[in-house]
Amino acid sequence: MRTIELFCVVFWCLCAAAWASTNRQPCQSPSMTSGTLSVSSTGGHDIAEGHFNYNSTAKRLRFVENESHSHKTSHMDVLIHFEEGVLYEIDIKNESCKKQTLKYHRHPMELPSDTHYESEAYLGSPTKSEQGLRVRMWNGKLPDLHANYTMLTTSCGCLTVSYCYHSEKTDLYFSFMNVETEVDDAHVFAPPAYCDGVALEDTPDDHSFFDLFHD
């Protein structure tokens, strides 16, 4: 069985033994979060790992890939302004910038308003101190991308723990680690000065955050 499918099946099995579902409303992620984001694909292939900062109020995300994580010749540094529908690809070393439209706004850091609450469960032990994590499972469809997702958030605080994305094009697994409810430097959400005046490239309507991660 493929690794991504195995992760998702494990989550579903947890739910079978979890508390009964109720009509919970989607929780709201903290205004500021930061931490490590790891992305893998079908077969368990590592795609990217790096540091993320997310501002849920302004709907802005910065993700900088760790240079030590892989042998890639280039490493991702992206800034996304979801509300404005703009994605910046930043090259700090060469002080260059690429700017594209991003008309599709959904991503793993926040629950959509139409998400479906599935159930609540513990990862680990519910009785041993500091040996378990209580989580909620949510799922839904992304019709414009011909995709669906399963998402785990902490029961207290609404921090994203993991996100399984399945589409006709690819399967992706997002894992969030060492998450803090603060951002050290709010300037990470502002594009560098050398991005000023860069022409905005138009992209298809279904161009999304998920397209950044290709195996």
Side-chain angles (χ1 to χ4, degrees), residues 1-18 21 23-29 33 35-50 52 54 56 59 61 63 65 69-70 72 76 78 80 82 85 87 100-123 133-155 158-177 179 203-215:
M1 181 182 293
R2 296 179 302 175
T3 301
I4 301 303
E5 291 177 344
L6 178 60
F7 275 120
C8 295
V9 167
V10 169
F11 293 157
W12 281 110
C13 290
L14 282 170
C15 289
S21 299
N23 293 322
R24 289 188 186 273
Q25 294 299 311
C27 58
Q28 178 65 46
S29 59
T33 50
T36 299
L37 170 60
S38 177
V39 186
S40 57
S41 69
T42 301
H45 301 296
D46 291 339
I47 297 178
E49 181 176 296
F52 79 91
Y54 181 58
S56 68
K59 312 296 184 190
L61 168 71
F63 175 72
E65 188 176 6
H69 180 65
S70 67
K72 296 179 182 177
M76 191 184 312
V78 293
I80 304 176
F82 288 102
L87 183 152
Q100 298 179 329
T101 59
L102 191 75
K103 299 167 187 174
Y104 193 83
H105 296 171
R106 292 193 176 182
H107 56 84
M109 273 66 72
E110 197 161 324
L111 282 166
S113 59
D114 61 352
T115 194
H116 173 69
Y117 170 74
E118 193 65 33
S119 59
E120 195 166 51
Y122 270 94
L123 296 178
L133 176 65
R134 190 169 179 172
V135 296
R136 291 174 182 168
M137 174 179 279
W138 314 81
N139 59 52
K141 298 183 182 299
L142 306 172
D144 293 339
L145 302 183
H146 304 286
N148 54 65
Y149 66 89
T150 301
M151 183 173 178
L152 289 185
T153 65
T154 56
S155 294
C158 201
L159 299 176
T160 304
V161 176
S162 63
Y163 188 101
C164 285
Y165 171 86
H166 174 71
S167 73
E168 296 175 351
K169 295 189 296 183
T170 187
D171 292 338
L172 297 171
Y173 180 75
F174 298 82
S175 180
F176 295 81
M177 299 167 287
V179 178
T203 60
D205 290 349
D206 62 353
H207 182 52
S208 73
F209 168 84
F210 303 102
D211 290 324
L212 294 171
F213 304 98
H214 298 286
D215 192 10

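Just so you know, these numbers come straight off a predicted model, no measurement behind them.
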query: Taking the side chain from S208 and the backbone from Y104, do they hold a donor-acceptor pair closer than 3.5 Å?
result: no
- prompt: Below 6.0 angstrom between ring centroids: does that apply to F176 and F52?
  reply: yes
message: Rounded to the nearest 0.5 Å, what separates atom CE in M177 from atom OG in S162?
response: 11.0 Å
query: Heavy-atom distance under 4.5 Å between the side chains of D144 and D205, does that happen here?
result: no
- prompt: Quick check: does any side chain N or O of T170 sit under 3.5 Å from a backbone N or O of S41, one acting as donor and the other as acceptor?
  reply: no
message: Under a 3.5 Å cutoff, is there a donor and acceptor pairing between the side chains of T203 and T101?
response: yes
- prompt: Tell me, do M109 and L61 make a side-chain contact under 4.5 Å, heavy atoms counted?
  reply: yes
task: Output the distance between atom CE (M137) and atom OG1 (T115), rounded to the nearest 0.5 Å.
output: 11.0 Å
- prompt: Any side-chain heavy atom of L111 within less than 4.5 Å of one from C27?
  reply: yes
task: If the plane angle is over 60° it's perpendicular, under 30° parallel, otherwise tilted; pick one for F82 and F209.
output: tilted
query: Stepwise, does the side-chain contact (heavy atoms from CB on, under 4.5 Å) test hold for Y54 with K59?
result: CA-CA 7 Å; Y54 181 58; K59 312 296 184 190; 3.9 Å; yes
task: Could you walk me through whether T154 and V179 pass side-chain contact (heavy atoms from CB on, under 4.5 Å), step by step?
output: CA-CA 11 Å; T154 56; V179 178; over 6 Å; no
message: As a test of understanding, state which of R106, H105, H107 forms a side-chain contact (heavy atoms from CB on, under 4.5 Å) with P112.
response: R106
Check: L172 and I47 side chains under 4.5 Å, non-hydrogen atoms: yes
- request: State, yes or no, whether a side-chain contact exists between Y149 and K141 at a heavy-atom distance under 4.5 Å.
  value: no
task: Measure the CG-CG distance between L133 and L152 for me, rounded to the nearest 0.5 Å.
output: 9.0 Å
query: Using the benzene-type ring in the case of Trp, are the ring centres of F174 and Y165 under 6.0 Å apart?
result: no
- prompt: Looking only at heavy atoms, what is the nearest atom pair of F210 and P108, with distance?
  reply: CE2-CG, 3.9 Å
- request: Search all heavy atoms of E110 against all heavy atoms of Q28 and return the closest pair with its distance.
  value: OE2-NE2, 3.7 Å
All side chain to side chain contact (heavy atoms under 4.5 Å, CB included) counterparts of S155, not counting sequence neighbours: E120, R134, R136
statement: So CD of E65 and CG of L37: to nearest 0.5 Å the spacing works out to 10.0 Å
Gap between atom OH of Y173 and atom CG of D46 - 0.5 Å precision: 12.5 Å
Flag for N139-H116: side-chain donor and acceptor within less than 3.5 Å: no
- request: Tell me, with the steps shown, if L87 and L212 meet side-chain contact (heavy atoms from CB on, under 4.5 Å).
  value: CA-CA 10 Å; L87 183 152; L212 294 171; 3.9 Å; yes
query: Looking at side-chain heavy atoms only, is the closest gap between K169 and D211 below 4.5 Å?
result: yes
